[in-house]
Amino acid sequence: QVQLVESGGGLVQAGGSLRLSCAASGRTFSRYTMGWFRSAPGKEREFVAAITFYGGVSYAANSVEGRFTISRDNAKNTVYLQMNSLKPEDTGIYYCAAGTAVGVPTLGRQYDYWGQGTQVTVSL
């Protein structure tokens, strides 16, 4: 069992930056592939980024590539999402997720555990 708690969301102007954190409970964090997803009103949940359990491989969606960076610190049981050059369309609730799928899965059903989410709002 893994419990995930996101933090770091907030209100930021377009062009600004935020760093989201996701703290995981348990001593097996390093065994999990971690991902970030987001949801917005009227839109389906969207994959944002994922990173392998050892942190050697990461992948970001085309919509955020070059602006968002996922990283992890297994010693701190934490995964991060650095978000730069934010746009209003990045607004939504951001969720972190943990799973045991191989590689960098992009589908929600490939993850087993989810956090409660943190709100990110980007204003003009």
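The heavy-atom pair separating V57 from V104 by the smallest distance is O-CG1, 3.8 Å. For I70 against S58, the heavy-atom pair with the smallest separation is CG2-CB, 3.6 Å. Contact between V2 and A24 at its shortest, heavy atoms only, is CG1-CB, 4.1 Å. The two residues V79 and S71 have their closest heavy-atom pair at CG2-O, 3.1 Å.
Between the side chains of S63 and E89, not a single donor N or O lies within less than 3.5 Å of an accepting N or O.
Side-chain N or O atoms of N84 include none that pairs as donor or acceptor with a backbone N or O of T69 at under 3.5 Å. Side chain of S30 to backbone of N74: no donor-acceptor contact under 3.5 angstrom is found. Under a 3.5 Å cut-off, the side chain of Y59 and the backbone N or O of T106 do not form any donor-acceptor pair. R72 places no side-chain N or O within donor-acceptor distance of the main-chain N or O of T33, the cut-off being under 3.5 Å.
A distance of 9.5 Å separates CH2 of W114 from CD of E6, quoted to the nearest 0.5 Å. To the nearest 0.5 Å, atoms CG (L11) and CD (Q119) are separated by 9.5 Å. Between R67 atom CZ and L86 atom CG the span is 6.5 Å, to the nearest 0.5 Å. To the nearest 0.5 Å, atom SG of residue C22 and atom CG of residue N77 are 10.0 Å apart. Between the OH atom in Y95 and the CG atom in L4 there is a gap of 13.0 Å [rounded to 0.5 Å]. Atoms OG1 and CZ, on T28 and F53 in that order, are 12.5 Å from each other to the nearest 0.5 Å.
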Would you check, one step at a time, whether the test side chain to side chain contact (heavy atoms under 4.5 Å, CB included) holds for T100 with Y32? CA-CA 5 Å; T100 56; Y32 289 92; 3.8 Å; yes
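The aromatic rings of F68 and Y94 sit tilted relative to each other, their planes meeting at an angle between 30° and 60°.
Counted within 6.0 Å of CZ on R45, heavy atoms from surrounding residues, nucleotides or ligands total more than 12; the atom is thus considered enclosed. Atom CD of Q116 is surrounded by 12 or fewer heavy atoms from other residues, nucleotides or ligands within 6.0 Å.
Aromatic rings from F47 and F37 are positioned such that their centres are separated by under 6.0 Å.
Each of V48, V120, D90, V122 was scored for a side chain to side chain contact (heavy atoms under 4.5 Å, CB included) with M83, with one residue passing: V120.
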